[in-house]
Amino acid sequence: KQELSDLLSRGNAQRTVAATLMNSESSRSHLVLIIKIVSVNKETKTQLQGKMLIVDLAGSERLKKSGAEGDMAKEAIEINKSLTALGDVIQSLTQRDRKPPYRDHKLTQLMQDSL
């Protein structure tokens, strides 16, 4: 329990936030926490494995409205690209496409088996 709490704190401490014209504490990154769980039956020694994905997505941002410049503008562009890629995958899945575009972004690659 403490180990998980420590990991969450460490991940949260590494997140970047900055003030924009639209938001006093704007997230400059997504937070993705992957928890892998392995349970072993003491009698049979069989293993059950599971995975939990917890994602806190940064919001999309219009550069003109937010006033983001320099590195903040680059971060906003990358956040918007990742959210667009996620939207493309979700749209593809709802249309039952045979090959959703998971490879278009690292975020969708990480989330692939959870979508």
Side-chain angles (χ1 to χ4, degrees):
K1 188 176 179 178
Q2 184 60 41
E3 186 179 351
L4 179 57
S5 180
D6 291 346
L7 283 172
L8 284 170
S9 295
R10 193 172 87 198
N12 225 6
Q14 293 179 14
R15 288 191 86 181
T16 304
V17 294
T20 68
L21 297 176
M22 301 292 292
N23 191 344
S24 63
E25 289 189 21
S26 177
S27 296
R28 310 314 301 164
S29 62
H30 304 305
L31 176 68
V32 179
L33 175 65
I34 300 171
I35 301 170
K36 294 182 180 181
I37 302 165
V38 178
S39 175
V40 180
N41 183 312
K42 290 181 180 181
E43 293 176 12
T44 64
K45 306 295 184 213
T46 43
Q47 289 188 359
L48 291 175
Q49 296 184 19
K51 179 173 152 179
M52 188 173 11
L53 186 70
I54 299 171
V55 181
D56 180 12
L57 298 173
S60 64
E61 197 171 291
R62 296 198 189 276
L63 292 178
K64 285 185 180 179
K65 286 188 175 183
S66 70
E69 296 177 343
D71 286 343
M72 284 179 51
K74 290 177 188 175
E75 291 166 346
I77 290 167
E78 289 304 314
I79 288 167
N80 290 344
K81 283 182 186 177
S82 67
L83 294 173
T84 298
L86 180 58
D88 291 345
V89 168
I90 292 170
Q91 181 178 11
S92 178
L93 290 170
T94 60
Q95 294 174 350
R96 302 198 187 280
D97 289 345
R98 297 184 106 203
K99 286 203 150 201
Y102 294 112
R103 291 183 166 194
D104 285 359
H105 199 277
K106 184 68 174 177
L107 177 66
T108 52
Q109 291 174 22
L110 283 172
M111 296 178 68
Q112 180 173 351
D113 61 355
S114 298
L115 293 172

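Only this structure's heavy atoms are used, side chains among them; waters, hydrogens and symmetry mates stay out. Numbers here are sequence positions counted from 1.
Both Ile79 and Leu57 are part of a single hydrophobic cluster, where members link through side-chain heavy atoms under 4.5 Å apart. In the hydrophobic cluster analysis, where Ile, Leu, Val, Met, Phe, Trp and Tyr join through side-chain heavy atoms closer than 4.5 angstrom, Leu7 is grouped apart from Ile34. A chain of hydrophobic side-chain contacts below 4.5 Å, direct or via other Ile, Leu, Val, Met, Phe, Trp or Tyr residues, connects Leu86 to Leu53. Transitive grouping of hydrophobic side chains (ILVMFWY, heavy atoms separated by less than 4.5 Å) keeps Leu107 and Ile35 in distinct clusters.
For residues 34-49, the set of pairs meeting the salt bridge (Lys or Arg N to Asp or Glu O under 4.0 Å) definition, not counting sequence neighbours, is empty.
Nearest approach of Gln109 to Arg103, heavy atoms of both residues: NE2-O, 3.4 Å. Nearest heavy atoms, Pro101 versus Val89: O-CG2, 3.5 Å. Taking each heavy atom of Ala58 and Ser29 in turn, the nearest pair found is CB-O, 3.4 Å.
In Glu3, the CD atom is not crowded: 12 or fewer heavy atoms of neighbouring residues, nucleotides or ligands sit closer than 6.0 Å.
Summarising the geometry, atom CG belonging to Leu4 is positioned 6.5 Å from atom CG belonging to Leu33; distances are rounded to the nearest 0.5 Å. Distance check: Glu75 CD to Asn80 CG gives 12.0 Å after rounding to the nearest 0.5 Å. The distance from the CD1 atom of Ile37 to the CE atom of Met52 is 4.5 Å, given to the nearest 0.5 Å. Once rounded to the nearest 0.5 Å, the distance linking NZ of Lys81 with CG of Asp104 reads 12.0 Å.
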Open item on the list: Before you tell me yes or no, could you show the steps for His105 and Thr84 under side chain to side chain contact (heavy atoms under 4.5 Å, CB included), namely the whole-Å CA-CA distance, both residues' side-chain angles and the distance that decides it to 0.1 Å?
Closed with: CA-CA 9 Å; His105 199 277; Thr84 298; over 6 Å; no
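The side-chain heavy atoms of Thr108 and Asp88, taken from C-beta on, include no pair separated by under 4.5 Å. Tyr102 has its side chain out of reach of Asp113: every pair of non-hydrogen atoms, C-beta onward, lies at least 4.5 Å apart. Side chains of Val55 and Leu110 form no contact here, defined as non-hydrogen atoms less than 4.5 Å apart. Looking only at side-chain heavy atoms (C-beta outward), His30 and Leu83 come within less than 4.5 Å of each other.
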